Amino acid sequence: MSTVAERIRQLKMEKNAVILAHNYTSADVQDIADYVGDSLGLSVKAAGSDADVIVFCGVSFMGETAKILSPGKRVLLPEPEARCAMASMCNAEQIRGARLRNPGAAVVGYVNSTAESKCEMDVCCTSSNAVSVVDSLSQKDVVFVPDMNLGAYVASKTDKNVILWDGFCPVHQSITVRQVGAMKEKHPGAKILAHPECRPEVLALADGIGSTEKILAMAGETGSEDVIVLTEVGMRHRLEALYGQKRFHFPVQAVCMTMKMIELESIANALESFSGEVVLDPDVLKGAYSPVRKMIGLKD
Ligand code: 13P
Ligand code: SF4
């Protein structure tokens, strides 16, 4: 075990902290975490934790969501400047504008959004419960922000009229039909598993679609030895640990650079000096609580 990992374990005990990490973080970060998972699983853990301090290894909206769910706890982001590019593709004012343009429509927001934006939403969702969240609403019209690809995927699974935003995840958006075709040519027997943040035409090629945690489950269920995984490469770590006999193939460019900013040193520093603490305006904490709380009650 490296010295910095030892330091983290010691500090974690001293400060009664829990370390949560998203499936896209680096392998050494995942290895030091108490829980590694998708956005829904991480939010549930953050809401139910009895630790005094939550160290959230992920991009900033994840730490904010943990703070919204556990406002009495100290939530630390080891790299507070690590942001999700998609989250900045819509803001609170734009959502208010969309409400005016679509009177009577519900606003469903992907958790990949800022805390201020969440205040304007009726309910939040993650990629693992987006369809059931939309289906649970009484309104027929639903404005879905900010991910147009997840929104289009939801629209394909529900009778609701889903009004799409024009946001996207650059990592998933970069995966093309041509690239997937080339991967399939190289590994003809491979099954294709994809995240719903991919473009609709890419999802049309997939044998299975789901959140990062669902992709992990589907990779175990498939009989194929070769699996093409259309999401971020951080997933390789758990996939290989769980299913060592299989071969996983990722698009080379599928790297979320901000997730990779988090390193063991950043975790140790955050724990040592309580740096990177998530501080939200009390009105924002209050306004975002209901949409986020509803989100963790529903699963697809
Ligand atoms: P999930 O792990 O919830 O599928 O989310 C993917 C993602 O892009 C997180 O930013
Ligand atoms: Fe945001 Fe995409 Fe990175 Fe996920 S992979 S954090 S959606 S930029």
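First listed ligand is number 1; within each ligand, the first listed atom is number 1. If you read the sequence from its start, that first residue is 1, and numbering goes on from there. Nothing here was measured: the structure is a model prediction, and the numbers come from that model.
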Ranked by distance from atom 2 (Fe) of ligand 2, the top protein heavy atom is Cys169 SG, 2.3 Å
Under 4.0 Å from one or more heavy atoms of His22, ligand 1 contributes atoms 1 (P), 2 (O), 5 (O), 6 (C), 9 (C)
Residue, atom and distance of the protein heavy atom nearest atom 4 (Fe) of ligand 2 read Tyr24 CE1, 3.9 Å
Q. When you check the side-chain N and O atoms of His237 and Asp31, is any donor under 3.5 Å from an acceptor?
A. yes
Are any of the N/O atoms on Ser127, whether in the backbone or the side chain, positioned under 3.5 angstrom from an N/O atom of ligand 1? yes
Within 4.0 Å of some non-hydrogen atom of Met62, the atoms of ligand 1 are 9 (C), 10 (O)
Looking only at non-hydrogen atoms, the one of Glu213, Met259, Lys214, Glu197 nearest atom 8 (O) of ligand 1 is Glu197
Does Arg83 make a cation-pi contact with Phe61 (under 6.0 Å, within 45 degrees of the axis)? no
Honestly, for Glu232 the part within reach of ligand 2 (heavy atoms, under 4.0 Å) is neither
Met62 and Ser39 have their tightest heavy-atom pair at CE-OG, 3.8 Å
In this structure, atom 7 (S) of ligand 2 is nearest to the protein heavy atom Asn112 ND2, 3.2 Å
* **Short N/O/S contact of Cys256 with atom 2 (Fe) of ligand 2 (below 2.8 Å)** => no
Should Lys67 and Val284 be marked as a side chain to side chain contact (heavy atoms under 4.5 Å, CB included) after you check the CA-CA gap, both sets of side-chain angles, and the distance that decides it?
-> CA-CA 11 Å; Lys67 184 70 185 176; Val284 172; over 6 Å; no
**Prompt:** Under 2.8 Å from atom 1 (Fe) of ligand 2, is there an N/O/S atom belonging to Cys84?
**Reply:** yes
Ser211 heavy atoms within 4.0 Å reach ligand 1 at atoms 4 (O)
Quick note on ligand 1: atoms under 4.0 Å from a heavy atom of Asn112 include exactly 8 (O), 9 (C), 10 (O)
Between Phe274 and Lys15, is there a cation-pi geometry (under 6.0 Å to ring centre, at most 45° from the normal)? yes
Ala85 heavy atoms within 4.0 Å reach ligand 2 at atoms 8 (S)
Closest heavy-atom approach to atom 6 (C) of ligand 1 among Glu232, Met235, His195 is made by His195
Notebook entry, point to check: Asn149 and His172: side-chain donor and acceptor closer than 3.5 Å?
Noted result: no
Less than 3.5 Å apart, any donor N or O on the side chain of Thr231 or Tyr24 sitting next to an acceptor on the other? yes
In Val131, Val111, Val133, the residue satisfying side chain to side chain contact (heavy atoms under 4.5 Å, CB included) with Cys125 is Val133
If you draw a 6.0 Å radius around NZ in Lys157, do more than 12 non-hydrogen atoms from other residues or ligands fall strictly inside?
no
With heavy atoms and a 4.0 Å threshold, my read on which part of Thr126 contacts ligand 1 is neither
*Sub-4.5 Å side-chain heavy-atom contact between Ser211 and Thr126*: no
